[in-house]
Amino acid sequence: MLDIKLIQNEFDSVCEKLRKKKVSEETIENLRLISLELKAQRAILEPLQAEQNASSKLFGVWAKEGKDINELKAKLSANKEKISTVSKQVKELEEKLSNLALSVPNLPDDDVPSGKDENDNIEIKKVLTPPIFDFTPKEHWEISENQIDFERGVKLSKSRFSVLKNKAAKLERALINYMLDFNAKRGFNEVCVPYIVNRETLTGTGQLPKFEDDLFKIEGEDLFLIPTAEVPVTNLFRDEIILENELPIMMTSYTACFRKEAGSAGRDTRGMIRQHQFDKVELVCITKPSESEKIFDKMVECASDLLSSLGLAHRHLMLCGGDLGFGAAKTIDLEVWFPGQNRYREISSISNTRDFQARRAKIRYKDGKKNKLVNTLNGSSLAVGRTMIAIMENYQKADGSFDVPEVLKSYM
RNA sequence: GGAUAGGUGGGUGAGUUGGCUGAAACCACAUCCCUGCUAAGGAUGCGUACUGGUAACGGUACCGAGGGUUCGAAUCCCUCCCUGUCCGCCA
């Protein structure tokens with residue numbers, strides 16, 4: 001959620017920044033007007049309430065002293081009517097404002113390039129060089145016949161579900177453990193969290209109210225399957241005030257993730273690039289605003305080094321404004337090389353949401369005497385399924401089998 | 001799921017015959033004083049959000065959430081959520 005005061009005081013610059021994210025000026029203007037109207041109505045309501053409070057106190061005193069209270073009572077009753085009318089309006093405005101405010105995306109950082117979509121993202125650097133094969137490399141579903149069972153995944157559930165077997169099943173587990181250990185060495189503390197969360201939690205990180213269609217909902221309950229560990233892990237501190245010396249809080253968590261992929265019909269239908277259920281090891285950090293840039297770099301470095309340690313060639317992309325997610329002020333994607341597809345594909349996405357989630361989730365820290373909003377950051381390190389198929393493709397051999405990176409061997 | 005007791009500020013915990021309690025007390029925390037050693041004592045301050053004011057200092061809302069009764073509710077009523085305990089069930 002954006003700071004309403006910022007919208008009131010720096011309207012033009014907010015609009016300018018949100019243009020990068022393809023948000024219309026009307027929306028922001030609307031937000032501004034409603035907030036002003038709300039303020040005006042409150043200014044009417046509060047003196048009425050003050051008067052009511054004061055007179056009611058008098059009422060008690062007079063009644064005790066045996067004075068005549070009929071006149072006072074009549075006055076109070078009339079005032080009560082007025083209050084109820086105005087407060088109804090205030091309540092309506094509040095609801096309007098919060099609905100609207102919760103649906104406006106975060107402002108991009110100043111150094112985020114403008115651009116329309118993924119084609120305008122900027123490559124920052126490449127790490128490692130893609131392997132060269134003396135045969136035509138295959139796609140992962142061609143090398144994995146005994147490893148990934150797509151048909152039975154569909155039988156058990158529906159399309160975009162799969163079953164891992166044999167070496168793939170072991171590799172999946174090895175990767176999760178390896179990643180968690182790797183992150184722990186970089187100072188991230190492991191947490192294990194629920195996969196089913198409530199509406200407040202999803203509102204805190206920004207998935208709700210706008211993106212309910214992307215989530216699997218538990219029937220008959222106001223509960224949802226998590227689309228990423230970012231949701232429960234960040235919300236660990238919802239409605240809390242953190243002591244300054246406890247910051248930064250750096251966490252890593254393995255969870256399964258569940259996404260409806262509502263908007264991606266027809267995309268990546270083959271293979272296990274895009275599944276309804278996938279494993280991911282996530283990094284989540286909570287920091288003081290002054291430190292979040294530094295921590296962000298640390299997270300990118302951690303995920304990138306993790307890929308390097310697995311011998312996987314990859315590149316860093318700075319997302320342009322148009323491709324930035326709802327809550328992100330700045331995002332760097334890591335894309336790994338897939339020889340079979342002959343291209344880089346996203347395997348990690350690291351975002352700084354600044355105080356966007358913190359304001360929604362009321363995560364604050366004590367800065368001396370004052371409570372201030374923290375910054376929250378999240379990033380994958382890494383998407384496990386995609387890492388696995390990247391290994392299959394990059395370590396494939398002419399006979400259709402594949403090797404496993406050296407660092408994983410003790411985990412298998 | 002059934003029965004029962006509860007949900008109060010950073011923590012513990014008073015307050016439930018409605019009004020002088022936005023909330024005692026204690027702890028924690030901050031500053032200062034005293035003292036002089038790995039301790040103790042004393043003073044003061046200390047909820048959150050919005051809002052008026054240069055400031056001093058005010059106003060409004062919030063005692064799990066949402067409704068209701070009332071001139072007035074942390075205190076009464078209703079619904080929901082959560083926690084403890086006993087029972088049932090279960091990895």
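By convention in this document, chain letters (A, B, ...) are assigned in the order of the sequence lines, proteins followed by strands, and residues within each chain are numbered from 1. All of these numbers come straight from a predicted model, not from anything done at the bench.
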Mind calculating the distance between CD (A/Glu51) and P (B/rA61) to the nearest angstrom? 13 Å

Would you say the side chains of A/Thr376 and A/Gln357 form a donor-acceptor pair under 3.5 Å? yes

Does B/rC80 pair with anything, Watson-Crick or G-U wobble, both distances under 3.5 Å, and if so, with which nucleotide? B/rG64

Atom NZ of A/Lys165 with >12 non-hydrogen neighbours under 6.0 angstrom: yes

Does A/Lys362 put a side-chain nitrogen or oxygen below 4.0 Å from OP1 or OP2 of B/rA49? no

Quickly work out the A/Glu94 CD to B/rA61 C1' distance and round it to whole Å. 9 Å

B/rC90 pairs with which nucleotide, Watson-Crick or G-U wobble, both distances below 3.5 Å? none

May I ask you to say what A/Ser77 touches in the nucleic acid, namely base, sugar-phosphate or nothing, with a heavy-atom cut-off under 4.0 Å? sugar-phosphate

Could you state the atom-to-atom distance from CG of A/Leu58 to P of B/rC71 in whole Å? 16 Å

For B/rA56, give its Watson-Crick or G-U wobble partner with both distances under 3.5 Å, or none. none

According to the Watson-Crick and G-U wobble definitions, with both distances under 3.5 Å, which nucleotide is paired to B/rU16? none

Closer to the 5' end of RNA chain B via nearest nucleotide, is it A/Ala54 or A/Lys5? A/Lys5

Whole-Å P distance, B/rG11 and B/rA49: 15 Å

Taking atom C1' in both B/rU8 and B/rU21, what distance in whole Å separates the two? 12 Å

Over all strands shown, is A/Arg364 touching base, sugar-phosphate only, or nothing at heavy-atom distances under 4.0 angstrom? sugar-phosphate

Applying the Watson-Crick and G-U wobble criteria at under 3.5 Å, what pairs with B/rG41? Answer none if nothing qualifies. B/rC33

Rounded to whole Å, please give me the gap between CG in A/Leu45 and P in B/rC50. 17 Å

Any chance you could measure A/Lys210, atom NZ, to A/Asp213, atom CG, to the nearest 0.5 Å? 12.0 Å

Does A/Asn371 reach a base, just sugar-phosphate, or nothing at all? Heavy atoms under 4.0 Å. sugar-phosphate

Got a salt bridge between A/Glu29 and A/Arg32, using NZ or NE/NH1/NH2 to carboxylate O under 4.0 Å? yes

Distance between P atoms of B/rA23 and B/rG59 (Å, rounded): 11 Å

For B/rA3, which nucleotide is its Watson-Crick or G-U wobble mate, given both distances must be under 3.5 Å? B/rU85

Does a nitrogen or oxygen in the side chain of A/Lys73 sit under 4.0 Å from OP1 or OP2 of B/rU70? no

I'd like the P distance from B/rA73 over to B/rC20, given in whole Å. 11 Å

NZ/A/Lys116: more than 12 non-hydrogen atoms of other groups inside 6.0 Å: no

Run through A/Leu317, A/Thr228, A/Thr331 and flag the one making a side chain to side chain contact (heavy atoms under 4.5 Å, CB included) with A/Ser349. A/Thr331

N/O (side chain, A/Lys80) to phosphate O (OP1/OP2, B/rC71) under 4.0 Å: yes

Taking the same atom, C1', in B/rC89 and in B/rA5, what whole-Å distance lies between them? 23 Å

Without decimals, in angstroms, what is the distance between A/Glu221 CD and B/rC80 P? 14 Å

Rounding to an integer number of angstrom, what distance separates B/rG7 and B/rG13 when you compare their P atoms? 10 Å

Complementary nucleotide of B/rG22, counting Watson-Crick and G-U pairs under 3.5 Å: none

Can you check the A/Ile363 CD1 to B/rG10 P distance for me, whole Å? 16 Å

Using the C1' atom in both, what is the distance from B/rC34 to B/rA24, to the nearest Å? 29 Å

Roughly, in whole Å, what's the span from CD in A/Gln49 to P in B/rC71? 17 Å

Expressed as a whole number of angstroms, how long is the span from A/Ile241:CD1 to B/rG47:C1'? 8 Å

Value rounded to 0.5 Å, distance of CD in A/Glu291 from SG in A/Cys285: 10.5 Å

Roughly how many Å apart are B/rC82 and B/rC57, using the C1' atom of each and rounding to a whole number? 40 Å

The residue, A/Phe59 or A/Glu46, whose nearest nucleotide of RNA chain B is more 5′ is A/Glu46

Do any side-chain nitrogens or oxygens of A/Lys91 fall under 4.0 Å of OP1 or OP2 in B/rG67? yes

Nearest to the side chain of A/Asn53 - B/rA61, B/rC71, B/rG52? B/rA61

